[in-house]
Asks: 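Structure incoming, see below.
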Amino acid sequence: MTTALAEEFETLRPRLFGLAYRMLGSAEEAEDIVQDAYLRLSGADRAGIAHLGAWLAKVVTNLCLNRLTSARAWRESYVGTWLPEPVATSDGALGPLESAEQRDAVSVAMLVLLERLTPTERAVYVLREAFGYGHREIAEVLDLGEANCRQLHRRALKRLEAAESRFEPAPERQRELVASFLAAAREGDLASLEKLLADDVVWWSDGGGKVSAALRPILGREKVLRFLVGATQKYAAELSLTQEEINGAGAVLLWAGGTLIGVTAFEYRDGLIASARIVMNPDKLDFVRRQLGRP
């Protein structure tokens with residue numbers, strides 16, 4: 001591979017990573033996919049590549065489709081709740097997140113919703129909604145008919161109808177709510193925590209069978225509060241909490257003895273926390289640890 005071609009690839013790497021991450025919900029796997037695309041490019045006939053960006057997008061998308069197909073069975077046997085890997089986004093790791101739509105597209109909640117789709121539906125949805133591809137371009141990437149791609153897009157939208165009813169407050173209000181949660185949790189202020197949680201709040205935990213975590217969702221304000229008290233007491237001596245922009249929104253990071261042990265993302269309704277998803281599987285925290293330069 002020539003130096004010029006390698007440099008051109010590096011300019012496209014962030015976009016390719018963003019595509020692979022949205023397809024897979026795994027930062028580590030997205031990095032592997034992008035590196036695999038680099039290796040395929042190094043062995044390809046450059047004269048046969050009319051547009052490098054389009055060629056690489058097709059390679060990455062199809063590599064992701066293969067990975068998703070093989071991952072289905074593995075995720076079905078996953079211990080407890082499967083959640084996507086968190087990614088710190090204040091440095092632009094997932095591309096521009098200036099609008100509410102852009103932030104929502106990479107939110108933990110949306111990535112969970114995307115698990116409802118078949119791999120091909122997901123590819124069509126991501127290319128169309130996140131990257132602005134036309135149906136003809138998507139058809140070329142997936143080697144499908146344009147009419148078929150339109151049908152897959154409509155089907156994906158229908159499966160994701162629940163997403164349309166989700167309402168996320170403005171970023172400033174989100175930061176305020178996360179800061180309030182952080183302060184109340186630090187102080188063990190249950191009365192303040194209670195005021196921040198919706199009556200029917202749901203708490204999901206992803207420990208992957210590697211660490212102690214709730215295997216099923218915790219339903220309701222009272223049960224979530226009891227869970228938080230127990231978790232806080234378990235790590236009381238060494239637990240610290242910080243706030244970071246994760247997947248386009250404010251999140252709470254849990255540290256024990258200086259080591260990152262959990263990342264919690266929130267959803268909101270009527271100014272209250274309606275759901276929380278915490279990733280504690282240490283394997284899923286490796287990428288964000290490297291981003292933050294912490295163990």
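Computed from heavy atoms alone, side chains included, the values below leave out hydrogens, waters and symmetry copies.
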Asks: Please check if any side-chain donor atom of S275 sits under 3.5 Å from a side-chain acceptor atom of W203, or the reverse.
Replies: no

Asks: If you measure from the Lys or Arg side-chain nitrogens to the Asp or Glu carboxylate oxygens, is any gap between R226 and E222 under 4.0 Å?
Replies: yes

Asks: For P86 and F287, work out which heavy atoms get closest and say how close.
Replies: O-CD2, 4.4 Å

Asks: If we ignore hydrogens and angles and just use 3.5 Å, is the side chain of E29 paired with the main-chain N or O of S26 as donor and acceptor?
Replies: no

Asks: List the steps and the verdict of salt bridge (Lys or Arg N to Asp or Glu O under 4.0 Å) for R269 and D200.
Replies: CA-CA 11 Å; R269 186 179 67 249; D200 56 351; 2.5 Å; yes

Asks: Answer with yes or no after comparing the ring centroid distance for Y268 and F181 against a 6.0 Å cut-off, counting only values under it.
Replies: no

Asks: Please tell me whether S90 and E245 have a donor and an acceptor in their side chains that are separated by less than 3.5 angstrom.
Replies: no

Asks: So which heavy atom on L285 is nearest to which on G262, and how close?
Replies: CD1-N, 3.8 Å

Asks: If only atom types and distance count, is the side chain of S192 paired as donor or acceptor with the main-chain N or O of D189 below 3.5 Å?
Replies: no

Asks: In Å and rounded to the nearest 0.5 Å, what is the OH to CZ distance from Y125 to R116?
Replies: 11.5 Å

Asks: For the residue pair L94 and F17, establish whether any side-chain heavy-atom pair is separated by less than 4.5 Å.
Replies: yes

Asks: Are side-chain heavy atoms of I261 and W255 found at a separation under 4.5 Å?
Replies: no

Asks: If the condition is side chain to side chain contact (heavy atoms under 4.5 Å, CB included), which residues does N62 pass it with, not counting sequence neighbours?
Replies: K58, L65

Asks: Measure the CG-CG distance between L253 and L292 for me, rounded to the nearest 0.5 Å.
Replies: 6.5 Å

Asks: Kindly give the heavy-atom pair with the smallest separation between M110 and A105, and that separation in Å.
Replies: CG-O, 3.8 Å

Asks: I'd like to know whether L19 forms a side chain to side chain contact (heavy atoms under 4.5 Å, CB included) with L127, so could you lay out the CA-CA distance, the side-chain angles of the two residues, the decisive distance to 0.1 Å, and finally the verdict.
Replies: CA-CA 8 Å; L19 170 59; L127 289 169; 3.9 Å; yes

Asks: In the structure I gave you, are the side-chain heavy atoms of R175 and V178 within less than 4.5 Å of one another anywhere?
Replies: no

Asks: Are W204 and V202 close enough that some pair of their side-chain heavy atoms sits under 4.5 Å apart?
Replies: yes

Asks: Indicate the atoms forming the closest heavy-atom contact of S205 with A213, along with that distance.
Replies: CB-CB, 4.0 Å

Asks: Count I, L, V, M, F, W, Y as connected when their side-chain heavy atoms are under 4.5 Å apart, and connections chain through other members. Are L83 and V79 then in the same cluster?
Replies: no

Asks: For Q35, check side-chain hydrogen bond (donor to acceptor under 3.5 Å, both in side chains) against everything at least two apart and list the hits.
Replies: none

Asks: Report whether V224 and L215 are members of the same hydrophobic cluster (ILVMFWY, side-chain heavy atoms less than 4.5 Å apart, transitive linking).
Replies: no

Asks: About how many Å separate OG1 of T61 and CG of D143, when rounded to the nearest 0.5 Å?
Replies: 11.0 Å

Asks: What are the two closest heavy atoms between L196 and S180, and how far apart are they?
Replies: CD1-C, 3.6 Å

Asks: Let me see the working for S107 and D104 under side chain to side chain contact (heavy atoms under 4.5 Å, CB included), right down to the final yes or no.
Replies: CA-CA 5 Å; S107 69; D104 183 66; 3.9 Å; yes

Asks: Would you please name every residue forming a side chain to side chain contact (heavy atoms under 4.5 Å, CB included) with R221, sequence neighbours left out?
Replies: E194, L197, D199, V201, L225

Asks: When rounded to the nearest 0.5 angstrom, what distance separates OG1 in T89 from CG in L97?
Replies: 5.5 Å

Asks: Under a 4.0 Å N-O cut-off, is there an ion pair linking E115 with R122?
Replies: yes

Asks: Is it true that R290 and D286 have a side-chain N and a carboxylate O under 4.0 angstrom from each other?
Replies: no

Asks: With a 4.5 Å cut-off on side-chain heavy-atom distances among I, L, V, M, F, W and Y, is there a chain of contacts connecting L182 to F227?
Replies: yes

Asks: Taking all heavy atoms of G207 and all of Y78, pick out the closest pair and write down the distance.
Replies: C-OH, 4.5 Å

Asks: Mind checking whether Y21 and E28 have side chains closer than 4.5 Å, heavy atoms only?
Replies: no

Asks: Any side-chain to backbone donor/acceptor pair from R13 onto V34? Under 3.5 Å, distance only.
Replies: no

Asks: What distance do L56 atom CG and E8 atom CD have between them, rounded to the nearest 0.5 Å?
Replies: 8.5 Å

Asks: Output, in order, the C-alpha distance, side-chain angles, deciding distance and verdict of side chain to side chain contact (heavy atoms under 4.5 Å, CB included) for V60 and M23.
Replies: CA-CA 10 Å; V60 166; M23 283 288 295; over 6 Å; no

Asks: So which residues get pulled into L272's cluster when ILVMFWY side chains under 4.5 Å apart are joined, directly or through others?
Replies: none

Asks: Evaluate whether atom CD of E187 has more than 12 neighbouring non-hydrogen atoms of other residues, nucleotides or ligands under 6.0 angstrom away.
Replies: no

Asks: Could you check whether any side-chain N or O of Q243 sits under 3.5 Å from a backbone N or O of A251, counting only pairs where one atom can act as donor and the other as acceptor?
Replies: no

Asks: Does K158 come within less than 4.0 Å of E161, counting only side-chain N to carboxylate O?
Replies: no

Asks: Once rounded to the nearest 0.5 Å, what's the spacing between atom CD of E85 and atom CG of L24?
Replies: 9.5 Å

Asks: Test of understanding: with side chain to side chain contact (heavy atoms under 4.5 Å, CB included), list the residues that count as partners of A265, not counting sequence neighbours.
Replies: V108

Asks: Do T118 side-chain atoms and E121 backbone N/O form a donor-acceptor pair below 3.5 Å?
Replies: yes

Asks: May I have the step-by-step check of side chain to side chain contact (heavy atoms under 4.5 Å, CB included) for R128 and I138, ending in yes or no?
Replies: CA-CA 8 Å; R128 178 71 175 168; I138 296 172; 3.8 Å; yes

Asks: Do the non-hydrogen side-chain atoms of R15 and F131 ever get within less than 4.5 Å of each other?
Replies: yes

Asks: Do R22 side-chain atoms and V126 backbone N/O form a donor-acceptor pair below 3.5 Å?
Replies: no

Asks: Is it true that E267 and R277 make a salt bridge, defined as a side-chain N closer than 4.0 Å to a carboxylate O?
Replies: yes

Asks: Looking at P282, is its backbone amide N or carbonyl O close enough to the side chain of R289 to form a donor-acceptor pair, meaning the two atoms are under 3.5 Å apart?
Replies: yes

Asks: May I have the list of side-chain donor-acceptor pairs in residues 145-155 shorter than 3.5 Å, sequence neighbours left out?
Replies:
from: E146; atom 1: OE2; to: R150; atom 2: NH2; distance (Å): 3.3
from: H153; atom 1: NE2; to: E129; atom 2: OE2; distance (Å): 2.7

Asks: Measuring only between side-chain heavy atoms, which start at C-beta, is L254 closer than 4.5 Å to L260?
Replies: no

Asks: Evaluate the side-chain proximity of L111 to L114: yes if any heavy-atom separation is below 4.5 Å, no if none is.
Replies: yes

Asks: Please confirm whether the backbone N or O of D206 pairs with a side-chain atom of N281, one donor and one acceptor, at under 3.5 Å?
Replies: no

